[in-house]
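Written out below as structure tokens is the structure these notes cover.
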Amino acid sequence: MFEKRYLGSRFTASLMLVAAIAITAVSGLSYMKMREPGPDIDRVVPHAGFEHKRLSDWFEGLAGTPADTDIYVQEGAEPGGTVLILGGTHANEPAGVIAAVVMLEQADVKRGRLMIAPYANPMARTHTFPQDAHPQTFSFRTPNGVTRAFRYGARITNPVNEWPNPDIYIHPESGQTMAGIERSNLNRAHPGVADGGATERLAYGFMELIKQEKVDLAIDLHEASPEYPVVDALVAHERAMELAAMVTMELEFEGVPIRLEPSPKNLRGLNHREWGDNADVLAVLLETCNASAGRFRGRTDEALILTGEDKAYEKAAGLGRLYVPWESFDKRFEERVARHVTTVRLLADNLEFVREGKGVTVEGLPAYQELSDLGVGAFLSD
């Protein structure tokens with residue numbers, strides 16, 4: 001009897017070991033697919049006139065590292081100011097990424113200079129949070145039937161590139177303490193450290209770009225969950241508040257409700273705080289509403305990313321737990337991208353009024369209603 005039980009236990013243990021190895025192998029292959037997604041994932045087709053550079057062109061310390069990211073620059077025929085746009089600071093906020101890609105593929109700069117970093121933290125695009133069950137990719141169809149696919153990443157740098165995080169992260173510039181994981185959060189690492197961790201060096205690279213190129217306006221494109229207080233908002237450093245107020249009024253006039261929020265002085269590491277404090281730049285951050293990044297959500301799949309529809313959030317709205325008017329709120333991906341693109345266009349259009357001679361004129365960007373009606377795929381290249 002003892003021998004039978006022993007053999008049965010060994011058989012069960014062997015099965016469990018084989019199952020564990022199989023699960024590990026499948027997980028490993030899935031992980032590697034995110035790190036090496038193939039040539040057609042995250043591909044961009046810049047509009048004529050853009051010059052491809054790398055962030056290491058401004059900070060050599062990034063050369064040859066996973067933190068070195070693509071920067072695209074287009075200069076108009078007429079002199080003017082310089083606008084920098086970041087998408088993908090948080091790679092799990094996809095409307096910001098795709099808005100930057102749409103502008104990269106459609107923008108025709110007539111005056112001044114436009115600089116776009118569509119994947120600001122490339123290290124955050126190579127993984128997803130293991131317990132969040134996010135899909136690895138989402139896609140769009142162009143009018144000619146071409147599929148354009150993009151990765152859905154994470155809020156923080158991949159642990160492969162930065163590990164381990166400390167229990168407590170001490171922001172180098174201010175000494176402010178944060179949760180240890182924030183060391184890997186690009187939007188807590190500014191203005192960066194030249195010899196710091198991977199994320200701090202990435203932040204330092206953007207600070208060097210802003211200083212060396214004398215950027216007049218820097219815009220970071222984000223998304224927030226519906227239960228987050230700062231959502232569908234424009235957050236501005238105090239020196240950018242006049243410009244932000246102009247744009248907020250124009251958006252409201254066009255029927256696009258938006259909140260205007262000041263950059264908090266007591267929360268350090270944020271780009272709009274550190275850029276504005278450390279350089280002569282007008283720094284703003286935009287937030288749209290992304291249900292796929294929230295904690296109240298139900299099933300997490302590509303449909304949630306693209307439609308924003310979720311029964312769990314409908315319930316939360318009924319309980320008064322959200323900061324957006326859920327029933328009347330347009331949650332579609334198209335609308336979120338349209339908000340970003342329209343706000344960027346208005347910020348560039350009005351820059352001349354707060355910085356004389358520094359205007360930036362960009363043609364070719366889709367209008368709000370046009371993008372909302374026709375969808376993102378209509379403005380992505382084949």
Side-chain angles (χ1 to χ4, degrees), residues 55 59 61-62 65-69 86-94 96-97 117 119-132 134 152-208 210 218-225 227-231 233 235-237 261-279 283-287 290 292-295:
L55 192 55
F59 173 45
L62 295 176
T65 74
D68 199 5
T69 193
L86 268 64
T89 287
H90 293 152
N92 63 337
E93 298 169 11
V97 174
Y119 307 128
N121 186 353
M123 300 175 291
R125 299 191 66 72
T126 60
H127 72 132
T128 58
F129 284 138
Q131 296 178 334
D132 276 359
H134 285 126
Y152 189 105
R155 182 179 175 85
I156 61 171
T157 292
N158 193 321
V160 168
N161 304 121
E162 187 159 57
W163 186 87
N165 284 315
D167 293 332
I168 297 175
Y169 174 53
I170 301 175
H171 181 247
E173 178 81 3
S174 65
Q176 185 174 85
T177 59
M178 310 177 196
I181 197 172
E182 299 293 8
R183 179 174 182 258
S184 298
N185 180 351
L186 178 56
N187 204 29
R188 296 297 183 274
H190 298 286
V193 182
D195 58 352
T199 311
E200 291 173 331
R201 283 183 282 133
L202 176 59
Y204 184 84
F206 279 113
M207 192 76 254
E208 284 298 294
I210 288 170
I219 308 166
D220 195 17
L221 307 179
H222 282 254
E223 294 200 277
S225 59
E227 66 269 27
Y228 185 64
V230 183
V231 64
V235 185
H237 186 274
E261 301 281 347
S263 173
K265 293 184 178 181
N266 60 350
L267 182 55
R268 301 299 299 273
L270 297 166
N271 51 30
H272 43 82
R273 169 51 48 199
E274 304 300 342
W275 290 347
D277 283 355
N278 290 277
V284 301
L285 178 146
L286 309 183
E287 295 274 16
N290 174 23
S292 67
R295 292 302 174 194

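Quick note: numbers below take in every heavy atom, side chains included, and nothing from hydrogens, waters or symmetry partners. This structure is a prediction, so every number in the text was calculated from the model and none was measured. Position 1 is the first residue of the sequence; numbering continues from there.
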Item to complete: Please confirm whether the backbone N or O of E287 pairs with a side-chain atom of E93, one donor and one acceptor, at under 3.5 Å?
Response: no

Worksheet item: Taking side chain as C-beta onward, heavy atoms only, is R273 less than 4.5 Å from P264?
Response: no

Practice prompt. Just do the ring-ring contact (aromatic ring centres under 6.0 Å, His included) check on W275 and H237 with the steps written out, would you?
Written response: CA-CA 9 Å; W275 290 347; H237 186 274; over 10 Å; no

Practice prompt. Under the side-chain contact (heavy atoms from CB on, under 4.5 Å) rule, collect the residues that match up with A279, sequence neighbours excluded.
Written response: M207, I210, K211, V281

Worksheet item: How would you list, by chain and number, every residue that makes a side-chain contact (heavy atoms from CB on, under 4.5 Å) with V231, sequence neighbours excluded?
Response: A224, C289, Y323, V324

Discussion item. A67: which residues meet the side-chain contact (heavy atoms from CB on, under 4.5 Å) condition with it, sequence neighbours left out?
Written reply: L62, T65, M123, L202

Discussion item. Please enumerate all residues that pass side-chain hydrogen bond (donor to acceptor under 3.5 Å, both in side chains) together with R201, with sequence neighbours excluded.
Written reply: none

Discussion item. Tell me if a side-chain donor or acceptor on N121 pairs with a main-chain N or O of N187 at a distance below 3.5 Å.
Written reply: no

Worksheet item: Under the side-chain contact (heavy atoms from CB on, under 4.5 Å) test, which residues partner A120, sequence neighbours left out?
Response: L86, T89, L186, F206

Fill in: Distance (rounded to the nearest 0.5 Å) between N271 CG and N278 CG
12.0 Å

Practice prompt. Give me the ring orientation class for Y152 and H134: parallel if the planes are under 30° apart, tilted from 30 to 60°, perpendicular past 60°.
Written response: tilted

Practice prompt. Sort and list the pairs that fulfil salt bridge (charged side-chain N to carboxylate O under 4.0 Å, His left out) and have at least one residue in residues 172-192, not counting sequence neighbours.
Written response: E162-R183

Discussion item. Keeping D68 on the side-chain end and L55 on the backbone end, is there a donor-acceptor pair under 3.5 Å?
Written reply: yes

Item to complete: Begin with the C-alpha distance, continue with both residues' side-chain angles, and end with the deciding distance and a verdict on side chain to side chain donor-acceptor pair (under 3.5 Å) for H90 and N185.
Response: CA-CA 8 Å; H90 293 152; N185 180 351; 2.7 Å; yes

